Amino acid sequence: MKKIAILGSTGSIGTQALDVIGSNPDKFSVSVLSCARKIDLLEEQIKKFNPERVVVDLESDAVNLMKKYPHIDVSFGMEGLISASEGDSDMVLNSLVGMLGLVPTYHAAKKGKAIAFANKETLVSGGELIMKTVSENGAKLLPVDSEHSAIFQCLEGNEGRKVRRILLTASGGPFRGFTREALKNVTREQALAHPKWNMGAKISIDSATMMNKGLEVIEARWLFDVPGDDIEIVVHPQSIVHSMVEFEDKSVIAQLGMPDMRGPIGLALSYPERLPNDYTPLDFFSYANNLTFEKPDRSVFTCIEMAYDVLREGGSAPVALNAANEVLVAAFLAGKIKFTDIQDNIKRILDSHNCKYNLSLEDILETDREIREKTKELI
């Protein structure tokens, strides 16, 4: 039986992962649950899955849980996440949001863990360092994002065959077809209403700005060792083709399925096996005349171009992109800035950033801190 440590168990990916685990009690057990503030939901998960360890954000929450569950090892903060990522588990599922996931991923990789990976910001900011650490310690990264899981599946059995292009699909988000002028007036509620996927607030806003797809380009560059300029975004509103790989002979392999994150989560947890399930199967005849593909409008969704630019620049440029984006998305969700202020202010931060190279973990964290402060001052 595989012991799974879930970092971010109360979020969208974490709760769906627990659905998969709960449906396969003969294959998985839960060794760690972690969350930030959804303590009521966490307690429901504790009672159902009986983990060995729990990690929360605040010390006060940890103290309360210790009293209620004296048989469970309860810790808090980053030290708790590090300890959980290094502990007695067969796999770490990292579904933390944002840069919070970088340090636990690094420590799990140092321990040679299998890591089911749903925290793209870690590879955006620390791709070179993380992949080096994975390689040096015999760790394994198994992608959970539907697009990267699709690419992973398309590449299976094709080791050593030259990739011409990765075709990274995107739904287009809730504002596909909008003009730049129309974007100025969109509301928080509109931006959170993704047409296909049920995701957390931060990822939903990233999808609306299409920054999510830019971050995924950077993630794919590191996961699959393909130059950024060989990764092309393809808008596919139906979200049936989850991504494609074109090889040097111009053959294209695609991975298709209904938009249900439990599929890629299950594959990551059970790899190299595939789990039987009762999910809705793909009915090709329902989509016979309705699978469309188009190019994204980079003049409207400028986050895409900025992601390619920082990938070419390398060094600390992607750290700056990610840090500024996280602060600005939070400000938009709090009603402090307009929707288009997100991409406009990221551009300002990048234009003023002095890039550094050959970054250690400490360098990445320090750059992230500096950029967050600058962005808050700009707001």
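Bear in mind the structure is a predicted one, so any value in this text is a computation, not a measurement. FYI, side chains are in, hydrogens and waters are out, and symmetry mates aren't considered; it's all heavy atoms of this structure.
Residue pairs satisfying the side-chain hydrogen bond (donor to acceptor under 3.5 Å, both in side chains) criterion with at least one member in residues 99-112, sequence neighbours excluded, are listed as follows: Glu86-His107, Asn94-Thr105. Residue pairs meeting the salt bridge (Lys or Arg N to Asp or Glu O under 4.0 Å) criterion with at least one partner in residues 279-297, sequence neighbours excluded, are Arg176-Glu294.
The 12-atom threshold is exceeded at CD of Glu246, counting heavy atoms of other residues, nucleotides or ligands nearer than 6.0 Å.
Asp249 is linked by a side chain to side chain donor-acceptor pair (under 3.5 Å) to Ser251, counting only residues two or more places apart in sequence or in another chain. Residues meeting the salt bridge (Lys or Arg N to Asp or Glu O under 4.0 Å) test with Glu59, sequence neighbours left out: none. Under the side chain to side chain donor-acceptor pair (under 3.5 Å) criterion, Lys338 pairs with no residue, sequence neighbours left out. Lys3 meets the salt bridge (Lys or Arg N to Asp or Glu O under 4.0 Å) test with Glu52, Asp88; sequence neighbours excluded. Legend: residues meeting salt bridge (Lys or Arg N to Asp or Glu O under 4.0 Å) with Lys347, ordered by chain and number and at least two apart, are Asp351. The side chain to side chain donor-acceptor pair (under 3.5 Å) test applied to Asn158 returns Arg161, not counting sequence neighbours. Every residue meeting the salt bridge (Lys or Arg N to Asp or Glu O under 4.0 Å) condition with Glu370, not counting sequence neighbours, appears here in chain and number order: Lys356. Take Arg372 and apply the side chain to side chain donor-acceptor pair (under 3.5 Å) test, not counting sequence neighbours, and it matches Glu326, Asp368.
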Side-chain donor-acceptor pairs under 3.5 Å in residues 223-233, sequence neighbours left out?
residue : atom : partner : partner atom : Å
Asp229  : OD1  : Arg312  : NE           : 3.1
Asp229  : OD1  : Arg312  : NH2          : 3.2
Glu232  : OE1  : Arg165  : NH1          : 2.6

Name every donor-acceptor pair, under 3.5 Å, that has one atom in a side chain of residues 266-273 and the other anywhere in the protein, sequence neighbours excluded.
residue : atom : partner : partner atom : Å
Ser270  : OG   : Gly266  : O            : 2.7
Ser270  : OG   : Glu273  : O            : 2.9
Tyr271  : OH   : Glu156  : OE2          : 2.6

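Considering Leu168, Val235, Asp206, Thr169 in turn, Leu168 is the only one that fulfils the side chain to side chain contact (heavy atoms under 4.5 Å, CB included) rule with Lys213.
Considering only heavy atoms from C-beta on, Ser85 stays 4.5 Å or farther from Lys113 through its side chain.
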